[in-house]
2 protein chains.
Amino acid sequence: MLIQIDFSSEEAIYQQLCNQIILGIATSQFTEGQALPSVRQLADDIGINMHTVNKAYTVLKQEGFVKVDRRRGAVISVDVDRIRAQKSIDKELRILLAEAICRNLTRQDIHAMVDRIYDDYGEVNER
Amino acid sequence: MLIQIDFSSEEAIYQQLCNQIILGIATSQFTEGQALPSVRQLADDIGINMHTVNKAYTVLKQEGFVKVDRRRGAVISVDVDRIRAQKSIDKELRILLAEAICRNLTRQDIHAMVDRIYDDYGEVNER
DNA sequence: CATCTGTTATATTATCGATATAACAGATGG
DNA sequence: CCATCTGTTATATCGATAATATAACAGATG
């Protein structure tokens with residue numbers, strides 16, 4: 001899977017890495033059990049420091065997206081705790097929807113956006 | 001409107017301020033034309049530095065939630081640019097929904113959460 | 001004219017993101 | 001057995017950011 005970093009973004013590099021890998025899992029470009037590139041390998045490919053990749057992997061591990069195997073490195077292993085996930089997503093969604101309401105976006109608008117995104121992500125599967 | 005700051009949060013204080021005020025606008029606890037507390041007043045109330053509040057107001061101004069009147073201070077004035085808002089929200093939603101999919105939350109789950117939040121925000125209006 | 005508004009300038013402290021160099025422990029394959 | 005790969009840890013440095021503090025300025029109010 002291609003990983004793209006926007007160096008002019010305000011978003012931290014390690015955070016962009018986390019997001020892209022989560023996106024990759026959601027679109028099945030990374031699958032359960034698959035090994036991620038090694039910290040040194042990925043750092044080299046992107047042209048960043050090893051520790052930046054290591055931080056991303058560490059965060060992904062703590063958030064339950066990968067497990068680390070001494071032999072194979074970081075391996076995709078999604079911890080599915082729906083209750084906990086729902087809480088975390090609800091919290092972020094509340095902030096996002098507050099802004100949406102201020103901008104006069106209706107709940108129908110949001111439903112449409114959600115459907116569109118789910119469709120987009122689903123389509124990546126069928127190639 | 002009561003403004004609560006979590007000092008143990010990793011989220012910056014000025015960012016929490018922005019979010020709470022946007023939340024206040026979404027729930028009509030702040031209404032168009034209403035003046036926010038002065039930077040010094042609010043800083044005193046919360047027990048933080050004036051410049052932290054000033055930064056929050058500056059960000060809210062740049063994002064089109066308030067305008068500043070020399071006489072009255074920061075006044076709620078929401079700039080409704082639906083196209084721009086849609087883009088910004090879509091981007092954040094894509095990251096959020098990627099995580100949701102990883103955790104096995106269906107689009108129906110998300111629709112339910114969205115409806116719940118819209119209902120919650122709407123109810124504040126009817127008091 | 002005292003008092004309120006936001007705004008600006010400067011300085012300091014602490015934290016964080018990213019980089020760099022280096023080393024360690026465990027596993028692998030020739 | 002040893003070179004090589006894995007993540008991990010330990011320091012150190014540099015720059016940017018968050019928050020604080022003190023101070024001053026310009027415009028409006030009563």
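Letters A, B, ... mirror the listed sequences (proteins, then strands); counts begin at 1.
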Would you mind telling me which residue lines up with the more 5' stretch of DNA chain C, A/Phe7 or B/Gly73, judged by nearest nucleotide?
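Counting from the 5' end, the first nearest nucleotide belongs to B/Gly73.
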
Tell me which of B/Leu36 and A/Glu11 sits closer to the 5' end of DNA chain C, going by the nucleotide each one is nearest to.
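Residue closer to the 5' terminus by nearest nucleotide: B/Leu36.
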
So what does B/Lys67 hit on the nucleic acid, given a heavy-atom distance under 4.0 Å: a base, only sugar-phosphate, or nothing?
nothing

Regarding B/Asn54, tell me which of base, sugar-phosphate or nothing describes its non-hydrogen contacts under 4.0 Å with the strands shown.
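If one applies the 4.0 Å heavy-atom cut-off, B/Asn54 turns out to touch a base.
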
Quickly work out the [X] [atom1] to [N] [atom2] distance and round it to whole Å.
X: B/Ile48; N: D/dA21; atom1: CD1; atom2: P; value: 11 Å
X: B/Gln41; N: C/dG6; atom1: CD; atom2: C1'; value: 15 Å
X: A/Met50; N: C/dA23; atom1: CE; atom2: C1'; value: 11 Å
X: A/Gln62; N: D/dT8; atom1: CD; atom2: C1'; value: 13 Å
X: A/Ile46; N: C/dG17; atom1: CD1; atom2: C1'; value: 15 Å
X: B/Ile13; N: D/dT17; atom1: CD1; atom2: C1'; value: 13 Å
X: B/Asp69; N: D/dT29; atom1: CG; atom2: C1'; value: 12 Å
X: B/Gln15; N: D/dA18; atom1: CD; atom2: P; value: 9 Å

Would a 4.5 Å heavy-atom cut-off, applied to side chains only, mark A/Ile21 and A/Phe30 as touching?
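Touching, per the 4.5 Å side-chain cut-off.
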
Do A/Ile95 and B/Leu23 come close enough that some side-chain heavy atom pair is under 4.5 Å?
no

Does any N or O donor sit under 3.5 Å from an N or O acceptor when you compare the side chain of B/His51 with the base of C/dT7?
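Answer no: no donor N or O sits under 3.5 Å from an acceptor.
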
Side-chain donor/acceptor contact of A/Arg40 with base of D/dT8 under 3.5 Å:
yes

Does a side-chain N or O from [X] land closer than 4.0 Å to OP1 or OP2 of [N], or not?
X: A/Lys55; N: C/dG17; value: yes
X: B/Asn49; N: D/dA19; value: no
X: B/Thr52; N: D/dA18; value: no
X: B/Ser38; N: C/dT5; value: yes
X: A/Lys61; N: D/dT8; value: yes
X: B/Tyr14; N: D/dA19; value: no

Give a yes or no on whether the backbone of B/Thr106 and the side-chain of B/Asp109 come within a donor-acceptor separation of less than 3.5 Å.
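Present.
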
With the threshold set at 4.0 Å, does a side-chain nitrogen-carboxylate oxygen contact exist between A/Asp120 and B/Arg94?
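Looking at B/Arg94 together with A/Asp120, the answer is yes, because their closest N to O distance falls below 4.0 Å.
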
Near B/Arg82 CZ, under 6.0 Å, is it more than 12 heavy atoms from other residues, nucleotides or ligands?
yes

Among C/dT7, D/dT29, D/dG7, find the nucleotide with the atom closest to the side chain of B/Arg71.
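The listed nucleotide nearest to B/Arg71's side chain is D/dT29.
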
Let's see if you can work this out: which of C/dG6, D/dA18, D/dT8 has an atom nearest to the side-chain heavy atoms of B/Val68?
C/dG6

Please give the nucleotide sitting opposite D/dG30 as a Watson-Crick or G-U wobble pair, both distances under 3.5 Å, or none.
C/dC1

Go ahead and name the base partner of D/dC25; Watson-Crick or wobble counts if both distances stay under 3.5 Å, otherwise write none.
C/dG6

At their closest point, which heavy atom of A/Ala85 faces which heavy atom of B/Arg103, and how far apart are they?
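The pair with the smallest heavy-atom distance is CB-CG, 3.4 Å.
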
